[in-house]
Amino acid sequence: MAKYDLIAATGCATGIAHTYMAQEALEQAADKRGLTIKVETHGQTGVDDPLTKEEIDEAKGVIIASDINVDMDRFAGKPFVNVPVAAGIREPDKLIQDVLSNDAPVFMPKSEANKVEHREDNETSSVGIGNKIYTSLMNGVSHMLPLVVAGGVLIAISFFWGIYSADPNNAQYNSFAAMLNAVGSAAMGLMVPVLAAYIGEAVAKRSGLIVGMAVGVIAYNGGNGSGFLGAIVGGYMAGLVILLLQKLFAFLPDREFRGLKAIFLYPVLGVFIAGSIMYLINTPMQAINVGLMDWLKGLESSSPIILGIIVGVMCAADFGGPINKAAYLTGTALLAQGNYFFMAGVSAGCIAPPLATTIAVLINPKAYNRDERSAGYVNALLGSTHITEGAIPFAAKNPLMNIPAFMVGSAIAAILTYMARIQVPAPHGGFIVLLLVNKPLIWVGCILIGAAASGVLLALIAGRQAKKRGVKPGVVEEIVSMETSQSETDVVPTEGTTQVVSSDDSTQAFDPGDILNKKFIEVDVAANTRDDVLRHLADMAVRNGLATDEDAIFNKYIVREKEGSTGMEHGIAIPHAQETTIHQSAMLILKLARPVDWETFDGKPVNAIISFLIPEQDSGSHLKYLSNTAKLLTHEDFVESFQEANTVDDLYQLFKH
């Protein structure tokens, strides 16, 4: 059985994107610290990589980054942090630091007085009530969404035979379409009871689920009840009633009366109390629900701009979080009532943000590093399938500027959709359900216009941020992100070193030391292609006794170039190789007789080479040289001096002073 330093659990309402993004972020952050971690994911298909008792016992701490309910009792006695899933994506390093600190709370389950004891001072606290309310709601939404999607898509498909194809008294009637409509409607009808049931389950476990289900059915009342608002109130009410009953019957010993309480007392009394309350408040809550829906439907025709702004801002506020889900739940509720206009704007507002990131990295690729560009390209697919979460890393990078930029695009997409009177009868799927949309091409156009507006703003913001840092976009970030995400350590400059200003304006020392001598510098090197240059570097390594296998080093150079070009700007490239036959770190410098074609940021050919050779077992020290060299090349005065130096002595002195 493998032992892990840390264990974690992640989960989000949809169980699609946030869950696994938080998992990856935590794994990467732990790896940077040299720690091992196992992450249990609560996705839409269930729990993957469940934590065993042995793994929990051996771990130093537990990180819960989840918007849905996670069984906490098994972590009794363990230091822990409990945060929303978004925090797991945005600040995994902080979470690891917090859980390993001496001030981390130790989880104690409710059966042990519901206390959270600190390691040092035994002060008590509890898991935040706000976080508990939020995770309970998301637990309900998580279990409800698959039913909404399944039911909504089946109903939408039934419309292929006509909008009245399920009506036996209409000429459009089709028996298969009617069956699809009936099955889809049944699934949609479960939306309210399941939402209430799993909110109750998150608050009071199995007994809360049973009572919540009953209360949810009352709230639904054949589609004429208080709807999803009633389900939310009823779910929390069911959980609270069960908690009160547990306290009321705490005097009965668990050993003798556990079965009686779980099977008889809690469900009977819980359904009676919570159900009676819901029965009484159902009518006034129905009036509130109907009033809200009528107001929103009224805005569709009278004020599509105002409605579009409201929906767009909500969709782009937290990218799948509670505000986004509020808009989505409203859309699904109206969808169940046969209103297909509102959901069209919600879908447009959710699709636009990830597509905007794709447009941004295409417009200004130099303002983003390689990982960000890759994420932007992938977001074209995520956005097209209505997965908004892909925009989170871009929003988290500069939230005060980027989130409003996303809101602008989502609002434009929603406004145009409402003005065009577009109908989308499916609650999810993005462009996959285009055949079900009444004006598919116009709808896509509305979304792309909104995404383009956000994309332009994001590209401008990223460019300004790069300039503000005093760094030419794409140079430092590209090289460093290709190799590692580890942070640099400040070094006090010493005599005989070159001062380098990093992207955060801190001063670092760059001293080539014993990795550079005049034998490793050559000028007027004849080469016709990039591969000729790489072959020459491999030959230099062997000739100078730095390595023993020329072909192996050349192949490493080629592999590295396939991962991403090492061509920079101003005719400079920084190829590097790490290989087992290299037995000494070295810095090689070439000036070519004539430039060769090389993929670079500015599209110019390369005539100057700075290369690094790194032994396989030494992966740390070369990162300092590589990143500092990249930063050095952001300074125009150094680049100009480097290009003007055409002798071995001049080049050697340039890097040594």
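In this text the structure is predicted, and so the values were computed from the model without any measurement. Reckoned from all heavy atoms, side chains included, excluding hydrogens, waters and symmetry mates.
The main-chain N or O of I553 is never found under 3.5 Å from a side-chain atom of E579 such that the two would form a donor-acceptor pair. For S101 (side chain) and D98 (main-chain N/O), a donor-acceptor pair under 3.5 Å exists by modelled atom type. Side-chain atoms of R373 come within 3.5 Å of backbone atoms of P365 as a donor-acceptor pair (strictly under, hydrogens ignored). One N or O on the side chain of N364 and one on the backbone of A459 form a donor-acceptor pair closer than 3.5 Å. Checking side-chain atoms of T358 against main-chain N and O of A380 turns up a donor-acceptor pair under 3.5 Å. Under a 3.5 Å cut-off, the side chain of N379 and the backbone N or O of G376 do not form any donor-acceptor pair.
Taking 4.5 Å as the limit, some side-chain heavy atom of I574 sits within range of a side-chain heavy atom of F612. The shortest distance between side-chain heavy atoms of V639 and I572 falls below 4.5 Å. S585 is listed as a side-chain neighbour of I515, based on a closest heavy-atom distance under 4.5 Å. The side-chain heavy atoms of I609 and P575, taken from C-beta on, include a pair separated by under 4.5 Å. When side chains are defined from C-beta on, L457 does not count as touching F406, because their heavy atoms never get closer than 4.5 Å. Residues S66 and T10 have side chains not in contact (no heavy-atom distance under 4.5 Å, counting atoms from C-beta outward). Within the 4.5 Å cutoff, no side-chain heavy atoms of V39 are placed close to those of E24. At a threshold of 4.5 Å between non-hydrogen side-chain atoms, the residues N402 and L458 count as touching.
To the nearest 0.5 angstrom, I589 atom CD1 is 5.0 Å from L516 atom CG. The distance from the CZ atom of R530 to the CD atom of E561 is 5.0 Å, given to the nearest 0.5 Å. Taken from CG in L362 to OG1 in T357, the straight-line distance is 9.5 Å, to the nearest 0.5 Å. The CD1 atom of I37 lies 9.5 Å from the CD atom of Q23; values are rounded to the nearest 0.5 Å. Residue M587 holds its CE atom at 11.5 Å from CZ of F520, rounded to the nearest 0.5 Å. Atom NE2 of H570 is separated from atom CD of E640 by 10.5 Å, given to the nearest 0.5 angstrom.
Using a cutoff of 4.0 Å between basic side-chain nitrogens and carboxylate oxygens, R33 and D5 are not scored as salt-bridged. Salt bridge annotation for D531-R535: absent, with no cationic side-chain nitrogen under 4.0 angstrom from a carboxylate oxygen.
With sequence neighbours left out, A411 forms a side chain to side chain contact (heavy atoms under 4.5 Å, CB included) with no residue at all. Here D49 pairs with nothing under the side-chain hydrogen bond (donor to acceptor under 3.5 Å, both in side chains) rule; sequence neighbours left out. In terms of the ring-ring contact (aromatic ring centres under 6.0 Å, His included) criterion, residue partners of F642 (sequence neighbours excluded) are, by chain and number, F655. Among residues two or more places apart in sequence or in another chain, the side-chain hydrogen bond (donor to acceptor under 3.5 Å, both in side chains) test is passed with K38 by E55. Shown here are the side-chain hydrogen bond (donor to acceptor under 3.5 Å, both in side chains) partners of E40, two or more places apart in sequence or in another chain: H42, R74. Under the rule for a side chain to side chain contact (heavy atoms under 4.5 Å, CB included), the partners of V559 that lie at least two apart in sequence or sit in another chain are E563. Remark: V596 engages A527, V533, L592, W598 in a side chain to side chain contact (heavy atoms under 4.5 Å, CB included) (not counting sequence neighbours). Every residue was checked against the salt bridge (Lys or Arg N to Asp or Glu O under 4.0 Å) condition with E27, not counting sequence neighbours, and none meets it. For I442, the side chain to side chain contact (heavy atoms under 4.5 Å, CB included) partners are A420, I422, K439, C446, not counting sequence neighbours. Remark: K604 engages no residue in a side-chain hydrogen bond (donor to acceptor under 3.5 Å, both in side chains) (not counting sequence neighbours).
Between Y418 and F342, the ring-plane angle classifies as tilted under the 30° and 60° cut-offs.
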Practice item. Assess whether side-chain contact (heavy atoms from CB on, under 4.5 Å) is satisfied between N528 and R594, documenting all intermediate values. Key: CA-CA 8 Å; N528 296 318; R594 58 177 178 272; 2.5 Å; yes
**Study point:** Test log, rule side-chain contact (heavy atoms from CB on, under 4.5 Å), inputs L613 and H576
**Key:** CA-CA 6 Å; L613 299 173; H576 39 283; over 6 Å; no
Practice item. I would like to know whether V525 and K591 meet side-chain contact (heavy atoms from CB on, under 4.5 Å); could you show each step before the answer? Key: CA-CA 6 Å; V525 175; K591 295 297 288 287; over 6 Å; no
Check your understanding: Given T41 and V47, is the side-chain contact (heavy atoms from CB on, under 4.5 Å) satisfied, shown in steps?
Key -> CA-CA 6 Å; T41 55; V47 178; over 6 Å; no
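When all heavy atoms are compared, the tightest approach of S410 to G312 is CB-O, 3.4 Å. Residues G308 and A414 share a closest heavy-atom pair of O-CB, 3.6 Å. Taking each heavy atom of A462 and A367 in turn, the nearest pair found is CB-CB, 3.7 Å. Residue I461 comes nearest to A405 through the heavy atom pair CD1-CB, 4.1 Å, listed as atom of the first residue, atom of the second, then distance. When all heavy atoms of A316 and I403 are compared, the pair lying nearest together is O-CG2, 3.8 Å. Looking at every heavy atom in both residues, A29 comes nearest to D93 through CB-OD1, 3.4 Å.
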For residues 343-356, tabulate all N or O donor-acceptor pairs below 3.5 Å that involve a side-chain atom, not counting sequence neighbours.
residue : atom : partner : partner atom : Å
S347    : OG   : M343    : O            : 3.1

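By the neighbour-count criterion of 12 heavy atoms within 6.0 Å, atom CD of Q643 is densely surrounded, having more than that number from other residues, nucleotides or ligands.
Just one of L448, V437, L416 meets the side chain to side chain contact (heavy atoms under 4.5 Å, CB included) condition when paired with W443; it is V437.
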